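Down below is the structure, laid out as structure tokens.
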Amino acid sequence: MSYTVSTQWSSGFTANVNVTNLGDPINGWRLTWSFSAGQTVTQAWNASATQSGSAVTVTDAGYNAAIATNATASFGFNGTWNGSTNPSPTAFALNGVSCTGGVSSPTATPTGTRSPSPTPSRTVSPSPTPSRTVSPSPTPTSGGGTSSPPPVPGTPGSWTAVPVNPYNGGAGTFMWLMTDGSILSNGSDLHQWVKLVPDQFGDYTKGTWVQLATSPYGVGAAQEQILPDGRFYQAGGEYVYQWPSGSSSNDHNGVQLYNPVTNTWTLGQSGLYGNLWDTGTAHLKDGRIVASDQRSARTQIFNPSTNSWTAGPNRPASAAEDGWVPLPDGSIVSISNGGAYRYDPAANAWYTVARPPSSYASGSTDTSTVTLMYDGRILAMGHNTSVIYTPGAKPSDPGSWAQGPAIPQGSFVDDVYATPEGNGKVIYDSVRCSWLTNECGSASGALINEFDPATNTMATISQPNDSRGAPVNFINLPNGQVLAAAGSRNWVYTPVGSPKAAWRPTVTSVTGSGTYHLTGTQLSGLVSLGEDDYQNPQNYPIVYLKDSAGHVYFARTANFSSMITSKPGETQTTDFTLPSSLAHGSYTLYVSACGVSSAGYAFTY
């Protein structure tokens, strides 16, 4: 037999035991030993354990009672120790016979008759009614957790094709990261839906597309958010292609909600003022959604818990297609062609802040996208240049603007898309000619670019060889790569460079059973972005596990303590549930926020 301590921390440990039968087949077993340093078994799996003083008795779990000659039964347990010494037991007895590596006649047999069960085919036999437990991790180091963060897969600077979405023979257009690590997207039109599920190693480039339920509305250029319970919110729409009974193509005010657990869509309460369209939205910390009105300065707040709207305060001026980003203090910055504003939820008031430079204006439309970067500044792009906003210390402070670099090759950013990468840069697309002014730069076509805030420079990067168009709709994947939709299919980009240690979320504790409660820091990420035509929320944690063979298992997270950008070092919490098919064993747990993963955390159940 073998006894191995697989994980050990300041107050506890996890051990795995293999019992090999060298004698005649047995049906029912009891293993005994004594601890020599005051250790205590707290919970076992694949067996039942009792302890009296230092003496431990472990009996089979029924389904693993039969051990054929030369076969092995395995079990594991969590225990406590004194934090000083944790010696392994030196003497074991199986059914009263000392385990010496030889064959002897048993002197005792457990009472009771057991039905034979199949010989286990793997090391750890699954329990029919597992009781999940979490083994605490050692006190976190400055990097958090017990092991290094996982490396970003792929070749830096390269693009890798994703399997073609079979439900429209092309790309999954527009994409949202769900709380179980899958990617929600549109299928063959805007009311038919699919999701991309990564393979068993967490590889999205080898993932599978799954067809989902059809939604009541099919809308383009709309409001989208992920709700605290993991549902998907979509509202308004500049373009309405499908609609439920009683509605019409003029209904720019509808709300629909998708439940990924049940794969069902329901209608939410429509907006208060009839004009949600593709106006700016952002979460408050508690998960409510603030939205503006396409034709007036009014705002409104959606409560997903009650499926209802309440009136919000009027803004100083209207702005139809502005970009909104939530800040770590809970306020929301709105940047438009006509001005910039900041909402203070504590005062329930909007303030006018410093006006953006006119250099970046895109004709009569608003900014293409606004991105809160890791340095706390906001990048805004329009026409063929960029500007950078530094928010004031308080929501009522004006803040300040600085001119940013021009868009490469004189290209334009009319209604293009972006996302902040884990390396600190911002990836975005640009187009050769402005559809607003008909001006054209020197580029031969669409470009993929990065803004580097450390050097205040823009650079063109490679793009995939897609015959039907360049990538758009960028979204961070939990593994640190970036997913995009091009003309014929989706592509995954591997950024050059790694996150700084200070940007990573950390895990400090995991408690519970069935539904687990995770506490850590920076779980909602340090960056955010906003755009009117494609709102791409990412400020919520993704939890995934890895086993020793490299297999990846995504949990489903919900009940976030915060739905906005985190303050550096801010303590936050989330709940998560594990896949129902997950086998018992020891894993390394990671949390990812905005594509940046934590260090590993020992997790056993």
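Bear in mind the structure is a predicted one, so any value in this text is a computation, not a measurement.
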Heavy-atom distance under 4.5 Å between the side chains of [X] and [Y], does that happen here?
X: Pro25; Y: Thr69; answer: yes
X: Asp180; Y: Pro260; answer: no
X: Asn70; Y: Leu22; answer: yes
X: Arg504; Y: Pro149; answer: yes
X: Leu545; Y: Tyr605; answer: no
X: Leu529; Y: Pro420; answer: yes
X: Phe474; Y: Asn536; answer: no
X: Thr511; Y: Thr519; answer: no

Within the distance-only criterion (no hydrogens, no angle test), does the side chain of [X] pair as donor or acceptor with the backbone N or O of [Y] below 3.5 angstrom?
X: Thr557; Y: Pro541; result: yes
X: Thr208; Y: Asp199; result: no
X: Asn490; Y: Val162; result: no
X: Gln522; Y: Gly569; result: yes
X: Arg231; Y: Pro304; result: yes
X: His283; Y: Ile226; result: yes
X: Asn263; Y: Ala213; result: yes
X: Ser182; Y: Val197; result: no
X: Thr494; Y: Val152; result: no
X: Ser185; Y: Phe174; result: yes

Exercise: identify the closest heavy-atom pair between [X] and [Y]:
X: Val596; Y: Trp503; value: CG1-O, 3.9 Å
X: Glu421; Y: Val482; value: CG-CG2, 4.2 Å
X: Asp575; Y: Thr515; value: CB-CG2, 4.0 Å
X: Gln51; Y: Thr40; value: OE1-CA, 3.4 Å
X: Thr565; Y: Pro326; value: OG1-O, 3.0 Å
X: Met373; Y: Pro453; value: SD-CB, 4.0 Å

Starting at [atom1] of [X], measure out to [atom2] of [Y] and round the result to the nearest 0.5 Å.
X: Tyr540; Y: Ser592; atom1: OH; atom2: OG; answer: 10.5 Å
X: Cys594; Y: Leu526; atom1: SG; atom2: CG; answer: 7.5 Å
X: Thr59; Y: Phe75; atom1: OG1; atom2: CZ; answer: 9.5 Å
X: Tyr204; Y: Thr160; atom1: OH; atom2: OG1; answer: 14.5 Å
X: Asn303; Y: Asp286; atom1: CG; atom2: CG; answer: 7.5 Å
X: His584; Y: Asn16; atom1: NE2; atom2: CG; answer: 12.5 Å

Leu196 vs Met175, side-chain contact (heavy atoms from CB on, under 4.5 Å): CA-CA, chis, key distance, verdict: CA-CA 9 Å; Leu196 176 64; Met175 300 165 295; over 6 Å; no

Residue that, paired with Leu523, satisfies side-chain contact (heavy atoms from CB on, under 4.5 Å) out of Thr506, Leu518, Ile542, Asn539: Leu518

side-chain contact (heavy atoms from CB on, under 4.5 Å) assessment of Leu177 paired with Leu483: CA-CA 10 Å; Leu177 174 64; Leu483 179 66; over 6 Å; no

Side-chain donor-acceptor pair present, Thr419, Gln538, cut-off under 3.5 Å: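 There is such a pair between these side chains.
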
Ser331 and Asp329 side chains, donor-acceptor separation under 3.5 Å: yes

Near-ring test Phe232/Trp193, centroid separation under 6.0 angstrom: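 Yes, they do, as the ring centres are separated by less than 6.0 Å.
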
Evaluation steps, side-chain contact (heavy atoms from CB on, under 4.5 Å), between Ile461 and Ile427: CA-CA 9 Å; Ile461 64 174; Ile427 188 172; 3.9 Å; yes

ring-ring contact (aromatic ring centres under 6.0 Å, His included) partners of residues 544-564, not counting sequence neighbours, each pair once: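 Passing the test, one end in residues 544-564: Phe201-His551, Tyr544-Phe554, Tyr544-Tyr590, Tyr553-Tyr587.
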
Pair Tyr516-Phe603, ring-ring contact (aromatic ring centres under 6.0 Å, His included): steps then yes or no: CA-CA 11 Å; Tyr516 298 96; Phe603 181 95; 5.5 Å; yes

CA sep, side-chain torsions, deciding dist, call: Asn307, Leu257, side-chain contact (heavy atoms from CB on, under 4.5 Å): CA-CA 10 Å; Asn307 187 30; Leu257 308 169; 4.3 Å; yes

